[in-house]
Amino acid sequence: MSRFYITTPIYYVNAKPHLGHAYTTIVADAVARFHRALGEETYFLTGTDEHGDKIVQAAEKTGEAPGAFTDRVSALFKDLWPRLDITNDDFIRTTEERHKACVRAILQKVYDAGDIYFGEYAGHYCLGCERFLTDKEMVDGKCPDHQTAPELISEKNYFFRMSKYQGWLAEHLHRHPDFIRPERYRNEVLSLLESGALEDLCISRPKSRLSWGIELPFDANFVCYVWFDALLNYVSALGWPDGGKFHKFWPAANHLVAKDILKPHGVFWPCMLQSAGLPVYRHLNVHGYWLVKDTKMSKSLGNVVEPLDLAERYGLDTFRYFLLREMRFGNDASFSEEALVARRNADLANDLGNLASRALSMVQKYFGGVVPEAAPEGEIDEALLELARTSLENYRGLFAEFRFDRALESLWELVRGLNKYIDTSAPWALAKAGDTARLGTVMYLVLELLRKVAVCLTPVMPEAAGKLLAQLGQEPAAANILKELTGFNGLAPGTTVAAGSNLFPRIEAAAEDKAPAPAKARAAEKPAKEKKSVPAPSSAQTGPAESVEYADFAKLDLRVGTVLGVEKHPDADKLLVMQIDCGEGAPRQVVGGLAEFFAPETLVGRQVVVVANLAPRKLRGLESKGMVLAVKKDGGLELLTPSGAVTPGSRVS
RNA sequence: GGCGAGGUAGCUCAGUCGGUCAGAGCAUGCGGCUCAUAUCCGCAGAGUCGGGGGUUCAAGUCCCUCCCUCGCUACCA
């Protein structure tokens, strides 16, 4: 029996589930149901990722112990899925013992294979840059920016010898063009591999810094950091190494992720598997983001648009259908209530719902609700059946390739074709003329093909499709898409069908407010997974700011300066070179990363706050004396400015 | 700056090897039917296929160049 294994990422539990999580999981569910309906033995996994810094911090904020915190948030995810009709076979948590045991075993295996080394990470550390320099970056053994010899510093950690697998992975990608799909993401990974040298991956944190993690089997002073923990859920849940499930399903592994975690899944994970001696997964399927309109729109409605709320308001099936139909898998798409309502009305209410309604009510009227016999078929019947064959076959093929929008479009060609067939055949005229034989054939074909459509839609809209099948006197559980591709006699004459009903009532007044200028659809709801940075060995530490004495604060010389001139940095995209009058006679040059957010001319004349006694340094070759203070905000940057004009050079205190 | 993906009807997008490829759906307008959830069916749009140049008998479809958008990447102390 053919098998299929589909996974979502395990979701990081430092925040509540949102639209992105819902989308990924609904896609995975539809795919799982699709493969079940193909008759394949299918396993569908999701879960939560629960270790790491951010969890500890988030738990501290709520005053909970990390374990209690993750129990609580993980349950938010686990409890949500049934509400979205998600049929996952398992739900794995990285804090479970079965997972930890697997992580330790694989770490040990990779360690024994010699692919993990202790990071006497002797790096060339430039004090000026505050980071490690690669050999390539150094000129004559010196830092090109500071003209000083970097210091040889070692930081202790464990590293995975990932660089070793660079060539192998590139070759694997060339040999399996659909290993990562859609293709654009495969290209991205390839260029990643071919351009920059793949660096080894830091996989540990000293316990002194982080204790909320899985202890390394070969060094109790360290815990496993991020990917060697999280990614392994895909095999730990299958009971690797001994689980029967592992041998059954792993060869058919399909991962589903959002594009923000392409690198870990497309690069780290295959290398890790290769090193551990496990076969790599079969496909990595990467989707884009849902863009949500600016909050202004929803504020006027009195509430922020909560996508999960929409699922309840418009019906779960409509929500699922919309997500799959509207987004081209791999691309970004924009989520709006208008678009959701448009889909609902045009595709579901008008085309499909009305088709079912008119068909059932005619059978009711002309045949007392009993499926008639089909008599020999004419030319237009054959044309309809031909349309059905291609539509259904395309649906199956496109869906299997994760091209859900095209698949549904293809299926709708049949739906529209059926509406047209009814018009052309005019059953009401046949009834009037008393041509019962012909009438029976027409009605039979409509019902039979409608049934096939319902079977195909089972993965996308389980409830509505099930209801439709029930109305057609069918047993929904028996739905098998493969069987529907051939033959047009699946519906037994004599079957009693229900009277017509409103499967998808039209939604009349959409959300009223269209007034506010629709600000560019921006602000992506990050789907799928909290982005985790994978710090290089030199990563600066973050963490809550400690309190300081006033004397420390006073060390900073903050001044208000007037921007006199601004130019783009000749050698950098994001840098601006500013001449700022700080009341010192001559303006000082400050280089800052503002180019993304401000056009040079818009800054001239503005007063800004400058850290005047910051040690000068060169940025991309140009000296910068000080820095300009700014505040990051969603997708932008705001400069700090005095509320009224002041004399250049005035001290901030 | 480097690499990659795109710029096709008002909107969302199809367009494989260059020659009925100038298309679909939605929206809009007109017409038809009445079984049906005022639903369905038919017809209509002249959109410089981002700009310019080139190859060719023939180019959204190949080459060059320019512009714009998005992603990855470097610089953002």
Side-chain angles (χ1 to χ4, degrees), chain A residues 128-131 137 145 182-192 194-196 259-260 262-263 266 286 288-289 291 325-328 330-334 338-339 342-343 345-366 403 405-406 408-410 412-413 415-432 439 442-443 446 499-508 520 524 540 569-576 590-597 611 614-622 624 626-628 630 632 637:
Chain A
C129 299
E130 284 186 26
R131 67 184 188 92
E137 287 174 303
D145 284 344
E183 196 180 4
R184 46 193 308 206
Y185 296 110
R186 167 184 179 258
N187 293 342
E188 217 166 275
V189 169
L190 270 176
S191 75
L192 231 158
E194 280 156 10
S195 66
K259 63 185 182 182
D260 60 330
L262 170 62
K263 190 171 176 179
V286 187
Y289 295 155
L291 307 175
R325 175 64 184 83
E326 191 76 6
M327 176 180 271
R328 298 183 59 217
N331 286 13
D332 293 349
S334 61
E338 290 80 8
R343 282 289 174 205
N345 283 344
D347 298 359
L348 299 182
N350 295 353
D351 288 349
L352 179 61
N354 183 55
L355 171 64
S357 170
R358 67 199 299 209
L360 290 172
S361 87
M362 278 191 282
V363 175
Q364 192 65 224
K365 189 176 288 186
Y366 304 140
R403 297 164 74 183
D405 63 322
R406 299 285 303 282
L408 287 165
E409 173 59 28
S410 175
W412 249 251
E413 282 173 21
V415 171
R416 286 189 289 266
L418 283 166
N419 274 320
K420 183 171 181 169
Y421 176 77
I422 291 177
D423 271 42
T424 313
S425 305
W428 48 93
L430 295 171
K432 209 176 251 179
L439 179 60
V442 170
M443 292 319 301
V446 169
S501 66
N502 281 18
L503 210 49
F504 300 103
R506 276 184 67 87
I507 295 168
E508 286 315 335
K520 245 192 188 166
H569 192 297
D571 288 324
D573 284 354
K574 295 190 182 176
L575 299 184
L576 291 182
V590 176
V591 181
L594 305 175
E596 260 188 300
F597 310 104
V611 183
L614 191 67
R617 74 160 283 200
K618 277 190 175 179
L619 290 176
R620 266 295 219 250
L622 290 179
S624 178
M627 68 184 275
V628 171
K632 269 190 190 155
L637 203 67

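Convention: sequence-line order gives letters A, B, ...; per-chain numbering from 1.
- Following rounding to the nearest Å, A/Tyr185 (OH) and B/A5 (P) show an atom-to-atom distance of 13 Å.
- Atom CZ in A/Arg406 sits roughly 14 Å away from atom P in B/A24 (whole-Å rounding).
- For the C1' atom pair drawn from B/G45 and B/A24, the interatomic distance equals 14 Å after rounding to whole Å.
- At whole-Å resolution of the value, CG in A/Asp351 and C1' in B/U39 are 10 Å apart.
- Distance CG (A/Asn419) to C1' (B/U34): 13 Å, rounded to an integer number of Å.
- For A/Met362, taking side-chain heavy atoms from C-beta onward, the closest of the listed nucleotides B/C35, B/U37, B/A5 is B/C35.
- Take A/Tyr421 and apply the side chain to side chain donor-acceptor pair (under 3.5 Å) test, not counting sequence neighbours, and it matches A/Asp381.
- Between A/Glu188 atom CD and B/G4 atom C1' the separation is 7 Å, expressed in whole Å.
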Dot-bracket, 5' to 3', for RNA chain B please: Watson-Crick or G-U pairs under 3.5 Å, [ ] where pairs cross earlier ones, | where the partner sits on another strand, dots elsewhere. (((((((..((((.........)))).(((((.......))))).....(((((.......))))))))))))....
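- Going from atom OH of A/Tyr289 over to atom C1' of B/C72 covers 11 Å, rounded to whole Å.
- Between the P atoms of B/C11 and B/G50, the separation comes to 14 Å (whole Å).
- Across all strands, A/Arg343 comes closer than 4.0 Å to no nucleic acid atom at all (heavy-atom distances).
- A/Ser357 comes within 4.0 angstrom of a base, heavy atoms only.
- In terms of modelled atom types and a separation under 3.5 Å, the side chain of A/Asn331 and the main chain of A/Gly288 share no donor-acceptor contact.
- With rounding to whole Å, A/Arg186 atom CZ is found 17 Å from B/G71 atom C1'.
- At distances below 3.5 Å, at least one donor-acceptor pair connects side-chain atoms of A/Ser191 with backbone N or O atoms of A/Glu188.
- Contact annotation for A/Pro427: no contact, since no heavy-atom pair falls under 4.0 Å across all strands.
- Taking atom P in both B/U28 and B/U73, one finds a spacing of 43 Å when rounded to whole Å.
- When the C1' atom of B/A38 is taken as reference, atom CG of A/Asn345 falls 12 Å away, rounded to whole Å.
- Under the 4.0 Å criterion applied to side-chain N and carboxylate O atoms, A/Lys420 and A/Glu413 are not assigned as salt-bridge partners.
- Within the 4.0 angstrom heavy-atom criterion, only backbone atoms of the sugar-phosphate kind lie near A/Lys365; the bases stay farther away.
- OP1 or OP2 of B/U39 lies within a sub-4.0 Å distance of a side-chain N or O belonging to A/Arg506.
- Across all strands shown, A/Ala349 has heavy atoms under 4.0 Å from base atoms, whether or not it also approaches the sugar-phosphate.
- For the pair A/Asn419 (side chain) and A/Asp351 (backbone), a donor-acceptor distance under 3.5 Å is present.
- A donor-acceptor distance shorter than 3.5 angstrom exists from the side chain of A/Arg184 to the backbone of A/Gly330, with no hydrogens or angles considered.
- Nucleotides B/U48 and B/A22 place their C1' atoms 13 Å apart, quoted to the nearest Å.
- Within the nucleic acid shown, A/Leu594 has no heavy atom closer than 4.0 Å to any nucleic acid atom.
- Nucleotides B/G15 and B/C57 are separated by 24 Å at their C1' atoms, to the nearest Å.
- A heavy-atom distance below 4.5 Å is not found between the side chains of A/Val363 and A/Val446.
- Residue contacts shown for A/Glu409 are limited to sugar-phosphate atoms, with no base heavy atom under 4.0 Å away.
- The residue A/Gly500 sits apart from the nucleic acid: no heavy atom pair falls under 4.0 Å.
- Atom P of B/U39 sits at a distance of 16 Å from the matching atom of B/C30, rounded to the whole Å.
- Look at A/Lys259 and you won't find any side-chain N or O under 4.0 angstrom from OP1 or OP2 of B/G71.
- At a threshold of 4.0 angstrom between heavy atoms, the contacts of A/Phe504 include nucleobase atoms, whether or not backbone atoms are also involved.
- One C1' atom belongs to B/G60, the other to B/G23, and the distance between them is 12 Å to the nearest Å.
- Under 4.0 angstrom from either OP1 or OP2 of B/U37 there lies no side-chain N or O belonging to A/Asn350.
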